[in-house]
Amino acid sequence: MTNRAELPPEISRRRTFAIISHPDAGKTTLTEKFLLYGGAIQMAGQVRAKGEARRTRSDFMKMEQDRGISVSASAMSFDFDGHRFNLVDTPGHSDFSEDTYRTLTAVDAAIMVIDGAKGVESQTRKLFEVCRLRDLPILTFCNKMDRESRDTFEIIDEIQENLAIDVAPASWPIGVGREFLGCYDMLHDRLELMDRADRNKVAQSIAIDGLDDPRLADHVPEHLLAQLREEIEMARELLPAFDRQSFLEGHMTPIWFGSAINSFGVQELMKGISTYGPAPQPQNSAEREIAPEETRVTGFVFKVQANMDPKHRDRVAFVRLASGHFERGMKLTHVRSKKPMAVSNPVLFLAADRELAEEAWAGDIIGIPNHGQLRIGDALTEGEALRFTGIPSFAPELLQSVRATDPMKAKHLEKALMQFAEEGAAKVFKPAIGSGFIVGVVGALQFEVLASRIELEYGIPVRFEGSQFTSARWVAGPKAKVDAFAESNKGHLAHDHDGDLVYLTRLQWDIDRIGRDHPDIKLTATKEMMV
């Protein structure tokens, strides 16, 4: 880390991060408050508030608004404290995990949101594992402290045990539930008091001189103060002090306590990201490591979102810039097709609003509207043939066949399915024998989302039906062997939307049998989305 050149100031002030959590831990609310403090929105809207005007700004898909869950990961940029924050919101619902895994390839750090009453939940654990694979630095926010929550030490223990990471308290809660008053800022010796009356008001901050300062007694009742002094003394004895190097290497997480819905603790967390969070990091490609300070522009597509604006059949490719200073109108090479592409109307996202991006720097995330040229995993460069690595595609765990209820619309259905496949919303397989399509997803809720989107965006009512197959594997091996294998297993074969050969299985026994009968054939459950 130390021998790298200084980053240009514009790049070093970038902070690109994702928020991960279990459903209902309060991630969407936290995102809202970030936007509120970043000046991107004037009023934080409750997800369930009255009327369209106060819908959550980061959830734009109709189903997200109806159910109050985030389904697609959206990106938002705003300024705070002299830094440019690029926040990538990820779906917390486990049925959309693949989208989330890919999103984590585009960020430099993650904020993990934990519910104070429930602690570390299953989905948090899964997402944490992905961060661990990438050694992402993680900041932790323990939310909902204004409700009855568990003992602070217990929460910290659980994080340390379950996730095998050191936890350093950045703040310490004073009281819990109804008695929750605020926090003691352990990094700066300050008292942060929560205002329960106005949820959009920033907490009051009082600078004090250590825990023996007599001014503490003016704000904190005696029994809570005694408890606070005792707990902090224990915390300082038992828990490690915050060490930025260890945090940047992914071995330690600082934890803040607060209540996102009451706007409390959020600003301290944001200051933590701007002060301690990593600037844009080098990205890996098959050829070499790409440093953000390089002058030539490079970037990769980590997500494609179709029909963000239902009035126009548009598709926006989300591109993480890995290096350089991008300017609107630049010609970039689309590495997969080797064709130049003029990027004339790139967009920056401020929640659901977009504006034209005149310029962007390494670390930024821009949207490039296109008509299907750009796919997940694509690289854009100023001429160099690079292939970014580490963007996974997972084998689906649930398969169903799909057909249009109106047979006249079968052709349109094919087009709709191909769009969703390229967007990464589902895997679409065309069986070698017979007509129709088989759709594969990671979680059952995705079938509902697909059916509702196909109907809303394309006007085609569809029916999903059970399929005889239960999972899919990509086929690899020497061409002659693959051809022989294909000839004898026609009933099980299909092609995905890239044209790659896929073996559809009913039982684990099928996979074992192929291993015995065709030792040269490799069946894999993941495919690198490299071009």
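The shortest non-hydrogen separation linking W361 to R14 is CD1-NH2, 3.1 Å.
A donor-acceptor contact under 3.5 angstrom links the side chains of T16 and N86, judged on distance only. Donor-acceptor pairing under 3.5 Å is recorded for the side chains of E359 and H325. For S401 and S467, the side-chain atoms include no donor-acceptor pair closer than 3.5 Å.
To the nearest 0.5 Å, the span separating CG on L321 from CD1 on I290 amounts to 11.5 Å. The structure places CD of E294 at 9.5 Å from CD of E289, a figure rounded to the nearest 0.5 Å. Note that the CG atom of L399 and the CZ atom of F469 stand 9.0 Å from one another [nearest 0.5 Å]. To the nearest 0.5 Å, atom OG of residue S488 and atom NE2 of residue H518 are 4.0 Å apart.
Residues F85 and F17 bring their aromatic ring centres within 6.0 Å. In summary, the aromatic rings of F80 and F34 are positioned with their centroids too far apart to meet the 6.0 Å limit.
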* Under the side chain to side chain donor-acceptor pair (under 3.5 Å) rule, what do D500 and H495 come out as? Steps first, then yes or no, please. => CA-CA 5 Å; D500 290 337; H495 289 91; over 6 Å; no

* To do: Give the C-alpha distance, both sets of side-chain angles, the deciding distance and a yes or no for side chain to side chain donor-acceptor pair (under 3.5 Å) between R375 and N370.
  => CA-CA 10 Å; R375 299 222 296 253; N370 68 93; over 6 Å; no

* Asked: Does the side chain to side chain donor-acceptor pair (under 3.5 Å) test come out yes or no for Q373 and H334, once each step is laid out?
  -> CA-CA 9 Å; Q373 300 95 313; H334 177 219; over 6 Å; no

* **Full working for side chain to side chain donor-acceptor pair (under 3.5 Å) between T381 and T298** => CA-CA 4 Å; T381 67; T298 61; over 6 Å; no

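Within 6.0 Å of CZ on R328 lie more than 12 heavy atoms contributed by other residues, nucleotides or ligands.
Using a 30° and 60° split on the angle between ring planes, F420 and Y458 fall in the perpendicular class, above 60°.
Side chain of E287 to main chain of R387: a donor-acceptor pair is present (N/O by atom type, distance under 3.5 Å, no hydrogens or angles).
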